[in-house]
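Just so it is clear, the model here is predicted, and its values are computed rather than measured. Worth knowing before you read on, the calculation uses all heavy atoms, side chains too, and leaves out hydrogens, waters and symmetry mates. Throughout, a chain's letter reflects where its sequence line sits, starting with A, and its residues are numbered from 1.
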Amino acid sequence: MPKAPRGTFDILPQEHIYWKYVEGKATSLCQLYGYQPLSTPIFEDAQLFIKTVAGGTDIVDKEMYVFADKSGQELALRAEGTAPVCRAYIEHGLFNLPQPVKLYYIGPAFRYERPQAGRYRQHHQFGFEALGEADPALDAEVIEMARRFFDSLGLSRLSIHLNSIGCKLCRPGYLEVLRQHYSGYIDHLCPDCKARLVRNPLRLLDCKKTSCQEIAKTAPKITDYLCPECQLHFQSVQKYLGAMNIPFHLNPRLVRGLDYYTRTVFEVEPREKGGQSTLGGGGRYDDLIESLGGKPTPAVGFAAGLERIILNLKKQKTDIPALPEPDAFIAYMGEEAKIEALKIASELRKAGIAVIMATGDKSLRGQLRQANSLGIAYALILGKQELSKRSIMLRDMSSREQKIIPLAEIAKILKP
RNA sequence: GUGAGCGUAGCCCAGUGGUUAAGGCGCCAGGUUGUGGCCCUGGAGAUCGUGGGUUCAAAUCCCACCGUUCACCCCA
């Protein structure tokens, strides 16, 4: 029997209340901040992700769903949300709109890896991006918006970690200083960190091994090596966050995995963190659009994984609004009543009343059991007696009261 | 890709070598030939993850594979 592929899952009806809840909060948030929806294809030219997310990492070899279609074109399942947004921005000339252009997306993304807590091969991301504006106030607004998102979901006890990782002018100098620092400890580094030293030195800073963390603690801080422009930008972000009363923790060891980030980076974490705990993160990526062939365009954004959010909602036992129940259930006895019931159900639905029609010629008892387990407020019962009077029995399932209603009036009573 | 734990009905799970694999939830039906929730009775539902091996005998022991969980790598 075929099963859902590894790292994928079905979202069953009782789970969908969480998804609807989070998606609803996300879209109303974006509406509040003037972000408009953008949907991009679920697969893209593989180069889009190879150019933007893959530098210096083994994402392409190991983690990306890359395949050739029947024409031989190299495609990749959407690996993340930001690069496609930038591609669309360039492709549709959105730089001709008043800047910044503010866009958001909710949709699946794919990574080929072994599943673990809150990480799946097909997962879902919500993200928003503001393109075409370098003002640090926008960084602050994006962070404030991220915070409001989690607040609106009822996720509390979160903290925001903030850092700046400089720009292409000042970061290389810092990386050199960092390498020098670590080369003094090379014999004490774990094998992974030895590889990082060559391939992705920023990642040295968040190795989980305690021995490596000791070395990271004494490492030079990137914020001491920022160029004057980056320094000013970073200070302004903090000033604006302060003005909006957004608490944050400066974390000089916060780096993000992808190359394309510049200046501001931030992550949102539960206070009590565990292995895969980060709920969302983002930052500025001032060089990304240019690297895709667009004009130099500064941009800043945020993304969060819906699975992790839902995991936390469940952990916190947050109250989630239930999906609406149908308004009424129609039970019938006998073929003649069944035919009439079908007609009534159709009419009621035309009037906007959600109706479940009994099926299968069950006993009345069985039909009412079904209505009960569906949690429906009203049962309509149609038998010979009601038919002969052109009427129907209306039963209030919670009070057990029932009365005979003329057929012509039933819609009005159910939906006055 | 690496390491560890776990796979028994739709779900939770008992069962560590010996008859027809036990129970709870849920499902279906009856108890009430026209009335649900509680209760009672009955029923359906399990290739014991898959394949191989050990043994007179395997859900139980061994091996491999698959899946899953957690962690690592990586992190979008």
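Checked against a 6.0 Å centroid threshold, the rings of A/Tyr378 and A/Phe329 do not count as neighbours.
Picking from B/A76, B/U35, B/C73 the nucleotide with the shortest atom distance to the side chain of A/Arg256 gives B/A76. The A/Tyr120 side chain lies nearest to B/U69 when the options are B/G36, B/U69, B/G34. Among B/A76, B/C70, B/U32, the nucleotide with an atom closest to any side-chain atom of A/Glu80 is B/A76. Which of B/U69, B/C73, B/U35 sits closest to the side chain of A/Leu368 comes down to B/U35. Distances were taken from every side-chain heavy atom of A/Asp192 (C-beta onward) to each of B/C27, B/C73, B/G30; the shortest belongs to B/C73. Checking B/U35, B/G30, B/A76 against the side-chain heavy atoms of A/Glu63 singles out B/A76 as nearest. The nucleotide whose nearest atom lies closest to any side-chain atom of A/Arg111 is, among B/C27, B/C75, B/G34, B/C75.
The distance between atom CZ of A/Arg6 and atom P of B/C66, rounded to the nearest whole Å, is 8 Å. For the pair A/Gln370 CD and B/U35 C1', the computed distance is 14 Å after rounding to whole Å. When the C1' atom of B/A76 is taken as reference, atom CD of A/Gln122 falls 14 Å away, rounded to whole Å. Summarising the geometry, the separation between CG on A/Asn372 and P on B/C39 is reported as 13 Å, rounded to the nearest angstrom. As rounded to whole Å, 10 Å separates atom P of B/C70 from atom NZ of A/Lys315. A straight line from CD of A/Glu386 to P of B/U35 spans 12 Å, rounded to a whole angstrom. The distance from atom CZ of A/Arg119 to atom C1' of B/C75 is 5 Å, rounded to the nearest whole Å. What separates CZ of A/Arg369 from P of B/C39 is a distance of 11 Å, to the nearest Å.
In a base pair of the Watson-Crick type (N1 to N3 plus N6-O4 or O6-N4) or a G-U wobble (N1-O2 and O6-N3), with each distance short of 3.5 Å, B/C74 is matched with no nucleotide. The pairing partner recorded for B/G23 is B/C12, the criterion being a Watson-Crick or G-U wobble arrangement whose two distances lie under 3.5 angstrom. Pair check for B/U41 finds B/A29; Watson-Crick or G-U wobble, both atom distances under 3.5 Å. The nucleotide B/G7 finds its pairing partner in B/C66, both defining distances of the Watson-Crick or G-U wobble pair being shorter than 3.5 Å. Remark: B/U55 base-pairs with no nucleotide; criterion is Watson-Crick or G-U wobble with both hydrogen-bond distances under 3.5 Å. Figure legend. B/G34 is base-paired to no nucleotide; pairs are counted as Watson-Crick or G-U wobble with both atom distances under 3.5 Å. When Watson-Crick and G-U wobble pairs are counted only if both distances are under 3.5 Å, B/U60 pairs with no nucleotide at all.
Nucleotides B/G24 and B/A44 have their P atoms positioned 15 Å apart, rounded to a whole Å. Using atom C1' as the reference point in both B/G15 and B/A71, the two lie 31 Å apart (nearest Å). Taking atom C1' in both B/C48 and B/A59, one finds a spacing of 5 Å when rounded to whole Å. If you take atom P in B/C39 and the same atom in B/C72, they sit 46 Å apart, rounded to whole Å. When the C1' atom is used for both B/G36 and B/G30, the distance is 15 Å, rounded to whole Å. Nucleotides B/U47 and B/G43 place their C1' atoms 22 Å apart, quoted to the nearest Å. For B/C75 and B/C65, the C1' atoms lie 29 Å apart once the distance is rounded to whole Å. When the C1' atom is used for both B/A57 and B/G18, the distance is 7 Å, rounded to whole Å.
In the interface, the side chain of A/Arg199 is not paired with the base of B/C74 through any donor and acceptor atom under 3.5 Å apart. Looking at A/Arg400, its side chain comes within 3.5 Å of the base of B/G37 through a donor and an acceptor atom. For A/Arg365 against B/U35, a side-chain-to-base donor-acceptor contact under 3.5 Å is absent.
Within the nucleic acid shown, A/Gln14 has no heavy atom closer than 4.0 Å to any nucleic acid atom. Counting any heavy atom pair closer than 4.0 Å across all strands shown, A/Gln402 reaches a base atom. Among the protein residues, A/Gly7 comes within range of the sugar-phosphate backbone only, with heavy atoms under 4.0 Å from sugar or phosphate atoms but none that close to a base. Nucleic acid contact for A/Lys384: base, since at least one base atom lies under 4.0 Å from a heavy atom of the residue. Among the atoms of the strands shown, only primed sugar atoms or phosphate atoms (P, OP1, OP2) are found under 4.0 Å from some heavy atom of A/Ser363.
Judged by closest nucleotide on RNA chain B, A/Lys362 is the one of A/Glu113 and A/Lys362 placed further toward the 5' end. Nearer to the 5' terminus of RNA chain B, by closest-nucleotide assignment, is the contact made by A/Arg114 (compared with the other of A/Arg114 and A/His123).
In this structure, A/Arg121 satisfies the cation-pi test against A/Tyr112, with its NZ or CZ atom closer than 6.0 Å to the six-membered ring centre and inside 45 degrees of the ring normal. In this structure, A/Lys314 satisfies the cation-pi test against A/Tyr18, with its NZ or CZ atom closer than 6.0 Å to the six-membered ring centre and inside 45 degrees of the ring normal.
A/Glu80 places a side-chain N or O within donor-acceptor distance of the main-chain N or O of A/Thr82, the cut-off being under 3.5 Å.
If you run side chain to side chain contact (heavy atoms under 4.5 Å, CB included) between A/Glu267 and each of A/Leu254, A/Ile160, A/Val255, A/Leu279, only A/Leu254 comes through.
Looking at A/Lys102 and A/Glu141, a side-chain N of the basic residue comes within less than 4.0 Å of a carboxylate O on the acidic one, giving a salt bridge. A salt bridge does not link A/Lys415 with A/Asp327: every distance from a Lys NZ or Arg NE/NH1/NH2 to an Asp or Glu carboxylate oxygen is 4.0 Å or more. Contact check on A/Glu214 versus A/Lys217 returns a salt bridge, with a Lys/Arg side-chain nitrogen under 4.0 Å from an Asp/Glu carboxylate oxygen.
An OP1 or OP2 oxygen of B/U69 is reached within less than 4.0 angstrom by no side-chain nitrogen or oxygen of A/Gln116. At the phosphate of B/A71, neither OP1 nor OP2 sits under 4.0 Å from any side-chain N or O atom of A/Lys208.
Relative ring orientation between A/Tyr225 and A/Tyr174 is described as tilted, the plane-to-plane angle lying within the 30° to 60° band.
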